[in-house]
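All remarks here apply to the structure that follows.
Every chain is numbered from 1 and lettered A, B, ... according to where its sequence line falls, protein lines coming before strand lines. Heavy atoms only: backbone and side chains are in, while hydrogens, waters and symmetry mates are out.
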2 protein chains.
Amino acid sequence: MPTPRALAREQTMREIVRIGREHLGEVGPAALSLRAVARELGVVSSAVYRYVADRDALLTLLIVDAYDELGGAVETAIAGVRTRGEARFRARILAGARATREWAVAEPSRFALLYGTPVPGYRAPRDTVDPGIRVALALVGVLDEAYAAGVLASPQERLARPVRADLERQVRELGLALPTAALARAFALWSGLFGLVSFDVFDQYGAETLTDRGAFFEHQVGLLADLVGLPRAARAS
Amino acid sequence: MPTPRALAREQTMREIVRIGREHLGEVGPAALSLRAVARELGVVSSAVYRYVADRDALLTLLIVDAYDELGGAVETAIAGVRTRGEARFRARILAGARATREWAVAEPSRFALLYGTPVPGYRAPRDTVDPGIRVALALVGVLDEAYAAGVLASPQERLARPVRADLERQVRELGLALPTAALARAFALWSGLFGLVSFDVFDQYGAETLTDRGAFFEHQVGLLADLVGLPRAARAS
DNA sequence: GATAATCAAGAGCAGTGCTCACATTTGTGA
DNA sequence: TCACAAATGTGAGCACTGCTCTTGATTATC
């Protein structure tokens with residue numbers, strides 16, 4: 001039976017995260033201010049240190065929060081795909097990628113918090129790694145299923161010994177059916193996806209280079225899906 | 001004939017950039033302090049505003065500086081490739097990619113300044129876009145040559161209309177021989193490369209996932225080179 | 001040589017993260 | 001029930017930040 005004080009504490013905690021998230025949306029990670037959060041919480045600045053050790057601790061809270069939301073969005077997007085047959089895997093990857101981009105475009109500051117410059121002096125604690133790889137796991141999961149269904153082309157390039165060893169360990173730890181070379185390609189999909197989204201959100205293409213970034217993204221993800229060995233919908237039968 | 005004062009000014013300017021670059025290496029973009037630069041310059045904090053309008057202006061200076069160095073490194077790496085025959089294009093792309101990663105690993109803060117979270121409230125001015133695409137241009141140049149030499153496979157996927165229009169304009173403006181679909185793939189190479197480097201520099205792979213990141217990177221870039229249509233060295237003759 | 005542009009200094013404003021001594025509230029064991 | 005201890009909030013304070021403004025010194029130019 002939780003004491004009322006504990007309840008109040010939990011609620012204050014949630015409130016802090018809420019306000020932090022809100023401010024993050026307005027100013028970006030580097031400018032996030034504990035004092036401003038305290039102000040909006042209606043409390044003097046030093047009081048918030050009773051709940052949050054550090055500015056870094058607040059960032060960690062917000063990082064986990066953001067990872068969770070992004071991970072959830074990608075997972076539900078993948079789960080919501082209704083396509084049937086061999087094309088379903090490619091459709092799932094596309095849906096997950098689209099969800100990633102849409103979340104990032106809608107929440108650029110939070111995306112930046114996760115995949116941009118690490119905040120100065122900030123070292124990610126343990127709690128952030130599990131939610132951090134959720135998106136990657138979702139993508140790899142789809143590819144693993146595709147492989148099990150015999151839809152995924154098996155790459156035949158050879159891997160250097162240390163790379164092979166690392167990937168074999170990953171395959172074991174995650175309990176995958178995927179061959180190691182295919183897992184390597186899954187990594188390419190993952191980092192490629194975030195390269196695309198970063199360039200988009202951080203405006204790395206010139207301002208007037210692309211008129212329809214959504215369509216461009218779609219095409220690029222299609223290329224990544226090719227790379228990873230997923231067949232195109234229109235089969236050359 | 002430049003007056004001595006103008007000379008002094010230029011030298012001070014260079015000194016500011018030098019110190020800024022140095023501090024950047026220690027603290028990261030968000031924590032870069034004009035006051036600290038002034039201190040090390042041996043001058044009171046307000047004096048540096050005679051040379052640099054803003055903290056943002058200093059960042060712009062450093063951004064251009066970093067873009068130039070990275071661009072130069074990539075260009076000389078590409079120019080230094082001695083491989084002959086059809087394999088030379090792939091070797092050049094690999095060399096450029098390697099140079100990118102090596103520069104980024106050696107200068108994580110400056111890489112972050114270029115490709116990480118845009119600094120809060122910072123809007124890139126005109127001066128930064130030209131040096132900003134130097135790496136991209138170098139890569140595209142290699143691919144264009146490869147295409148002209150008949151070594152680059154021509155992709156046959158179709159492009160959505162807005163994407164095709166944008167890419168066609170790019171082809172025209174840059175005076176490329178490359179088909180638009182190949183340019184699309186060149187973009188994939190570009191963003192993929194920076195996705196890889198970002199993940200590496202910003203520690204996005206778990207801390208203990210990869211034991212030999214250099215080898216892993218090499219493999220991944222190889223995949224991107226495949227994607228873009230460059231033939232592997234070992235031909236299946 | 002007088003005038004005007006340039007540069008440096010120093011004080012000051014508003015903001016930041018964070019610490020500490022202190023007061024108040026709240027939970028708990030004797 | 002009451003005293004004691006833990007938890008929570010306050011306000012002052014330190015050292016730092018970006019940036020502005022006034023004042024004084026230096027330097028170029030007419």
Side-chain angles (χ1 to χ4, degrees), chain A residues 1-17 19-20 22-24 26-63 109 113 117-123 125, chain B residues 1-17 19-20 22-24 26-63 109 113 117-123 125:
Chain A
M1 167 147 163
T3 136
R5 192 173 238 175
L7 282 177
R9 188 179 178 79
E10 239 177 87
Q11 184 166 342
T12 306
M13 215 65 181
R14 267 196 302 273
E15 196 63 1
I16 288 177
V17 171
I19 296 172
E22 200 173 277
H23 275 144
L24 200 56
E26 293 161 10
V27 297
L32 186 130
S33 142
L34 253 170
R35 277 185 129 111
V37 171
R39 248 193 319 271
E40 185 155 338
L41 195 72
V43 99
V44 91
S45 80
S46 59
V48 59
Y49 284 89
R50 291 273 122 103
Y51 296 88
V52 156
D54 240 0
R55 208 185 81 109
D56 281 6
L58 175 57
L59 285 176
T60 301
L61 251 37
L62 294 173
I63 287 176
S109 299
L113 181 62
T117 312
V119 184
Y122 180 82
R123 203 73 245 124
Chain B
M1 168 143 163
T3 136
R5 191 171 238 174
L7 281 178
R9 186 178 179 81
E10 238 177 87
Q11 184 165 342
T12 308
M13 215 65 181
R14 267 196 303 273
E15 195 63 1
I16 288 177
V17 171
I19 297 173
E22 200 173 275
H23 275 148
L24 201 55
E26 293 161 10
V27 297
L32 186 133
S33 142
L34 253 169
R35 278 185 128 108
V37 171
R39 248 192 321 270
E40 186 156 338
L41 195 75
V43 98
V44 90
S45 80
S46 60
V48 61
Y49 284 90
R50 290 280 129 118
Y51 298 88
V52 156
D54 239 6
R55 207 184 80 107
D56 281 6
L58 175 57
L59 285 176
T60 301
L61 251 38
L62 294 172
I63 287 175
S109 300
L113 181 62
T117 313
V119 184
Y122 180 81
R123 205 72 246 125

Would you name the heavy atoms of [X] and [Y] that are closest together and state the gap between them?
X: Ala53(B); Y: Ala57(B); answer: N-CB, 4.0 Å
X: Ser45(B); Y: Ala38(B); answer: CA-CB, 3.6 Å
X: Ala30(A); Y: Ala30(B); answer: CB-CB, 3.6 Å
X: Leu32(B); Y: Arg55(B); answer: O-NH1, 2.5 Å
X: Val52(A); Y: Leu58(A); answer: CG1-N, 3.7 Å
X: Leu24(A); Y: Leu113(A); answer: CD2-CD2, 3.5 Å

**Study point:** Protein-nucleotide distance (Leu59(A), atom CG; dG17(C), atom C1'), rounded to Å
**Key:**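 About 12 Å, once rounded to whole Å.
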
**Study point:** Separation between CG of Leu62(A) and CD1 of Ile16(A), rounded to the nearest 0.5 Å
**Key:**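 Answer for the CG-CD1 pair, Leu62(A) versus Ile16(A), is 10.5 Å.
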
Practice item. Mind checking the CG-CG spacing from Leu61(A) to Asp54(A)? Nearest 0.5 Å is all I need. Key: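 With rounding to 0.5 Å, CG (Leu61(A)) is 11.5 Å from CG (Asp54(A)).
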
**Study point:** Test salt bridge (charged side-chain N to carboxylate O under 4.0 Å, His left out) applied to Arg39(B) - qualifying residues, sequence neighbours left out
**Key:**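 Salt bridge (charged side-chain N to carboxylate O under 4.0 Å, His left out) list for Arg39(B), sorted by chain: empty.
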
Practice item. Taking salt bridge (charged side-chain N to carboxylate O under 4.0 Å, His left out) as the test, write out the residues that go with Glu40(B), two or more places apart. Key: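 Per chain and number, Glu40(B) pairs via salt bridge (charged side-chain N to carboxylate O under 4.0 Å, His left out) with no residue.
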
Check your understanding: 5' to 3' on DNA chain D, which nucleotides open and close the contacts with chain B (atom under 4.0 Å from a heavy atom)?
Key ->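 The contacted stretch runs from dT17(D) to dA28(D).
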
Review point. Across the strands shown, which category fits Val43(A) at heavy-atom distances under 4.0 angstrom: base, sugar-phosphate, nothing?
Key: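 Sugar-phosphate only.
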
Practice item. Classify the nucleic acid contact of Tyr49(A) as base, sugar-phosphate or nothing, counting any heavy atom under 4.0 Å across all strands shown. Key: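 Base contact.
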
Protein-nucleic acid N or O pairs under 3.5 Å, nucleotides 3-6 of chain C:
{"unit_1": "dT6(C)", "atom_1": "O2", "unit_2": "Arg5(B)", "atom_2": "NH2", "d": "3.4"}

**Study point:** Of Tyr51(A) and Leu32(B), the one whose closest DNA chain D nucleotide lies more 5'
**Key:**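 Residue closer to the 5' terminus by nearest nucleotide: Tyr51(A).
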
Exercise for review: With sequence neighbours excluded, tell me which residues meet side chain to side chain contact (heavy atoms under 4.5 Å, CB included) with Ser46(B).
Suggested key: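 Result, side chain to side chain contact (heavy atoms under 4.5 Å, CB included) vs Ser46(B): Val44(B).
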
Practice item. Please list, by residue number, the residues of residues 34-42 of chain B whose heavy atoms come closer than 4.0 Å to an atom of DNA chain D; answer none if no residue qualifies. Key: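 Contacting residues: Leu34(B), Arg35(B), Arg39(B).
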
Exercise for review: Between dG10(C), dC18(C), dT16(C), spot the one nearest the side chain of Ser46(B), thanks.
Suggested key: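 Closest nucleotide among those given: dG10(C).
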
